[in-house]
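Values below: all heavy atoms of this structure, side chains included; hydrogens, waters and symmetry mates excluded.
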Amino acid sequence: MKIYNTMTRKKENFKPIEEGKVKLYACGPTVYNYFHIGNARAFLFFDVVRRYFEFLGYEMTYVQNITDIEDKLINQAKAEQTTVKKVAQKYIDAFLEDTASLGIKKVNHHPKATEYIGEMIDLIKKLVENNFAYEVDGDVYFSVVNFKNYGKLSGRNIDDLKVGARVKANVQKRHPADFTLWKKAKPEEPSWGSPWGKGRPGWHTECVVMSRSILGETFDIHGGGNDLIFPHHENEIAQAEASSGKPLANYWMHNGYLNIEGEKMSKSLNNFFTARDILKKYDAEAIRFFFLSKHYRSPIDFNEDIIIESSKAVEGFYSILKTVNFLKIENNAPNYSAEMLQLKEKFINAMNDDFNTAKAISVLFEIVKLFKKSNDENFAHLLVELGKSVGFFQNIADHLAEDLGEITENLIELLIEYRNTFKKEKNWEMADKIRNDLQKLNIQLKDTSSGTDWSISK
RNA sequence: GGCGACAUCGCCAAGUGGUAAGGCAAUGGUCUGCAAAAUCAUUAUCCCCAGUUCGAAUCUGGGUGUCGCCUCCA
């Protein structure tokens with residue numbers, strides 16, 4: 001298994017700390033709003049990482065934090081005229097709902113920032129004691145110049161940051177790149193008591209505290225979107241290493257952005273679609289296919305036409321499951337031929353090469369192609385086995401069922417019968433009318449050599 | 001100003017030194033009363049220039065273009 005490590009900018013052989021186990025931490029949402037389809041890329045990708053490791057037989061511990069106290073939540077609470085707590089709960093619920101709809105498997109731990117305030121204060125205290133942090137009038141800052149390795153993840157040095165800095169001048173900070181560990185509360189804001197007075201923790205602290213509390217001082221993989229490399233992950237590393245002297249994670253993985261018309265999709269540019277809205281129109285599997293059709297580190301451009309194409313591609317997978325009536329043979333033990341084992345190996349090699357999902361997917365299409373030539377149901381088993389390793393085929397029964405209820409289905413069958421009678425009588429006008437009228441109701445008739453079939457077109 | 005990514009058929013996209021995977025679309029054939037569906041087949045020398053090499057989409061140098069990070073952001 002090779003993983004591209006942002007820290008070294010190289011693909012490295014993955015070696016877990018503990019044999020057979022993978023400890024993964026990926027940055028989760030700040031729950032002040034619905035997440036958009038660009039955010040979904042990270043959530044979905046790390047779901048694939050998790051599933052694939054499990055497929056390989058690793059025991060996963062996957063932790064994803066939830067930031068439930070932060071400036072944006074406070075603002076949102078004002079906007080919605082409610083409390084921070086209520087805002088958090090509302091969007092946590094939405095987050096869990098939407099990720100589930102996307103077919104993302106529940107992570108093992110979802111720590112919330114507000115549940116770890118005590119531990120965060122302890123960390124900050126330690127940093128202050130060791131001279132890596134300083135307090136100014138109720139605020140506490142991390143001092144980047146006192147941490148010699150600052151910038152090693154993102155490849156920056158402190159002086160460069162100074163030059164082009166768009167960082168706002170903050171008279172309190174000793175260096176413009178110093179970041180907030182503890183933020184003094186304004187009146188009315190939610191706050192916790194601390195040695196520096198009432199306030200709340202800075203964002204960069206929670207991930208360090210929560211990841212280490214659950215996964216230990218050093219864990220295997222830390223992941224997130226590209227935009228978190230600097231400053232977020234850089235700041236995590238600074239705090240972690242300044243306090244323990246040990247690396248926080250051995251591998252740093254970052255996914256590329258989702259662009260829209262060539263520009264990054266982001267809330268601040270206001271060019272986003274929420275995952276929630278996209279899911280109303282398109283299937284979760286089509287969205288998954290769309291993301292996996294490109295390598296995770298590359299930027300990917302979003303538009304609805306591509307999602308529609310992706311839906312068609314996914315339908316291609318299901319068409320062979322339909323042909324073999326997969327639900328009936330699902331429990332038969334597969335018997336793979338040498339050719340099939342070779343395909344499986346090809347798939348695994350692609351995935352083992354830093355999660356080359358695009359290449360892996362092409363193997364799935366090869367399987368489909370070979371199935372069509374041979375009609376060997378073992379190809380269907382192989383397709384499902386490999387597809388599942390990256391999160392496809394989570395609900396085959398639902399997908400194959402055209403469950404309209406018995407009465408409706410009988411009515412459709414009846415109309416087909418009438419049409420066939422008209423056809424026998426060469427009454428093409430009536431036969432075509434039935435076909436076209438059903439088409440208008442999204443019921444598509446398919447004449448095959450073995451009779452007339454129908455399906456619902458979306 | 002600093003740091004970084006990317007440029008492959010109409011669209012999407014693999015390939016990281018050995019002679020261009022795959023998907024969608026398109027076109028043609030088979031099937032059909034006609035269609036649709038299904039099925040078979042066909043479709044690129046890789047942004048530009050120079051270099052290294054027996055050999056480059058793949059390496060080096062120089063352009064051009066697009067995007068990102070340096071402020072909250074997946």
Show me the donor-acceptor pairs, under 3.5 Å and distance only, between side chains in residues 297-311 of chain A and residues at least two apart or in other chains.
unit_1, atom_1, unit_2, atom_2, d
A:Arg297, NE, A:Asp354, OD2, 3.1
A:Arg297, NH2, A:Asp354, OD2, 2.7
A:Asp301, OD1, A:Gly262, N, 3.2
A:Asn303, OD1, A:Asp305, N, 3.0
A:Asn303, OD1, A:Ile306, N, 3.1
A:Glu304, OE1, A:Lys281, NZ, 3.0
A:Glu304, OE1, A:Tyr282, OH, 2.4
A:Glu304, OE2, A:Lys281, NZ, 3.4
A:Ser310, OG, A:Ile306, O, 2.8
A:Ser311, OG, A:Ile307, O, 2.9

Please table the atom pairs, donor to acceptor, closer than 3.5 Å between any side-chain atom in residues 24-35 of chain A and protein atoms at least two apart or in another chain.
unit_1, atom_1, unit_2, atom_2, d
A:Tyr25, OH, A:Asn65, OD1, 3.3

Give the table of side-chain donor-acceptor pairs shorter than 3.5 Å for residues 430-440 of chain A, with sequence neighbours excluded, one pair per line with atom names and distance.
unit_1, atom_1, unit_2, atom_2, d
A:Lys433, NZ, A:Asp437, OD2, 3.0
A:Asn436, ND2, A:Asp432, O, 3.2

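The P atoms of B:rA56 and B:rC47 are separated by 15 Å, rounded to the nearest whole Å. One C1' atom belongs to B:rG17, the other to B:rU60, and the distance between them is 13 Å to the nearest Å. Spacing of C1' atoms, B:rG15 relative to B:rA44, comes out at 14 Å, to the nearest Å. On the P atoms, B:rC48 is 15 Å away from B:rU64, given to the nearest whole Å. For the P atoms, the distance from B:rA25 to B:rC11 is 16 Å, rounded to whole Å. Taking atom C1' on both B:rC46 and B:rA7, the two are 10 Å apart, rounded to the nearest angstrom.
Under the 3.5 Å distance criterion, with hydrogens and angles disregarded, a donor-acceptor pair is assigned to the side chains of A:Tyr141 and A:Gln172.
If you measure from atom CE of A:Met253 to atom P of B:rA74, you get 18 Å, rounded to the nearest angstrom. Distance, A:Asp305 CG to B:rC11 P: 13 Å, rounded to whole Å. We find that CG of A:Leu292 is positioned 12 Å from P of B:rA14, with the value rounded to whole Å. Spacing between atom CG of A:Asp47 and atom P of B:rA74 amounts to 18 Å, rounded to whole angstrom units. Between the CG atom of A:Leu445 and the P atom of B:rA37 there is a distance of 13 Å, rounded to whole Å. One interatomic measurement links the two molecules: NZ of A:Lys294 to P of B:rG15, which rounds to 11 Å at whole-angstrom precision. Across the protein-nucleic acid pair, A:Ile361 atom CD1 and B:rG23 atom P stand 12 Å apart, rounded to whole Å.
At most 12 non-hydrogen atoms from other residues, nucleotides or ligands lie less than 6.0 angstrom from NZ of A:Lys346.
Partners of A:His110 by ring-ring contact (aromatic ring centres under 6.0 Å, His included), not counting sequence neighbours, listed by chain and number: A:Phe95. Residues passing the ring-ring contact (aromatic ring centres under 6.0 Å, His included) test with A:Tyr336, sequence neighbours excluded: none. Evaluation of the ring-ring contact (aromatic ring centres under 6.0 Å, His included) rule for A:Phe147 yields no partner, not counting sequence neighbours. Partners of A:Lys86 under the salt bridge (charged side-chain N to carboxylate O under 4.0 Å, His left out) rule, at least two apart in sequence or in another chain, do not exist in this structure. With sequence neighbours left out, the salt bridge (charged side-chain N to carboxylate O under 4.0 Å, His left out) criterion links A:Glu189 to A:Arg200.
Looking at the side chain of A:His295, the nearest of the listed nucleotides B:rA37, B:rC70, B:rA14 is B:rA14. Across B:rA36, B:rC24, B:rA74, the shortest atom-to-atom separation from the side chain of A:Ala42 is found for B:rA74. Looking at the side chain of A:Lys312, the nearest of the listed nucleotides B:rC24, B:rC70, B:rA74 is B:rC24. For A:Lys264, counting side-chain heavy atoms from C-beta on, the closest listed nucleotide (B:rC69, B:rC24, B:rG23) is B:rC69.
Listed by residue number, A:Asn356, A:Ala358 are the residues of residues 345-358 of chain A with a heavy-atom contact under 4.0 Å to RNA chain B.
Contacts of A:Gly38 with the nucleic acid, taken as non-hydrogen atoms under 4.0 Å apart, include base atoms. Using a 4.0 Å heavy-atom distance criterion, A:Gly316 is classed as making no nucleic acid contact. Within 4.0 Å of A:Phe365, counting heavy atoms only, lie sugar-phosphate atoms of the nucleic acid but no base atom.
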Distances under 3.5 Å between protein N/O atoms and the N/O atoms of nucleotides 31-34 of chain B, please, pair by pair.
unit_1, atom_1, unit_2, atom_2, d
B:rG33, N1, A:Asp432, OD1, 3.0
B:rG33, N2, A:Asp432, OD2, 2.9
B:rC34, O2, A:Arg435, NH2, 3.3
B:rC34, N3, A:Arg435, NH1, 2.9
B:rC34, N3, A:Arg435, NH2, 3.2
B:rC34, N4, A:Arg435, NH1, 2.9

Please write out the pairs of protein N or O atoms and N or O atoms of nucleotides 39-43 of chain B separated by less than 3.5 Å, giving the distance to one decimal.
unit_1, atom_1, unit_2, atom_2, d
B:rU39, OP1, A:Lys372, NZ, 3.2

Counting primed atoms, P, OP1 and OP2 as sugar-phosphate and everything else as base, the B/S/- map of nucleotides 3-8 of chain B against protein heavy atoms under 4.0 Å is SS----

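Toward the 5′ end of RNA chain B lies the nearest nucleotide of A:Ile306, the other residue of the pair A:Gln444 and A:Ile306 mapping further downstream. Each of A:Leu269 and A:Leu258 was assigned the nucleotide of RNA chain B with the nearest heavy atom; the assignment lying further toward the 5' end belongs to A:Leu269.
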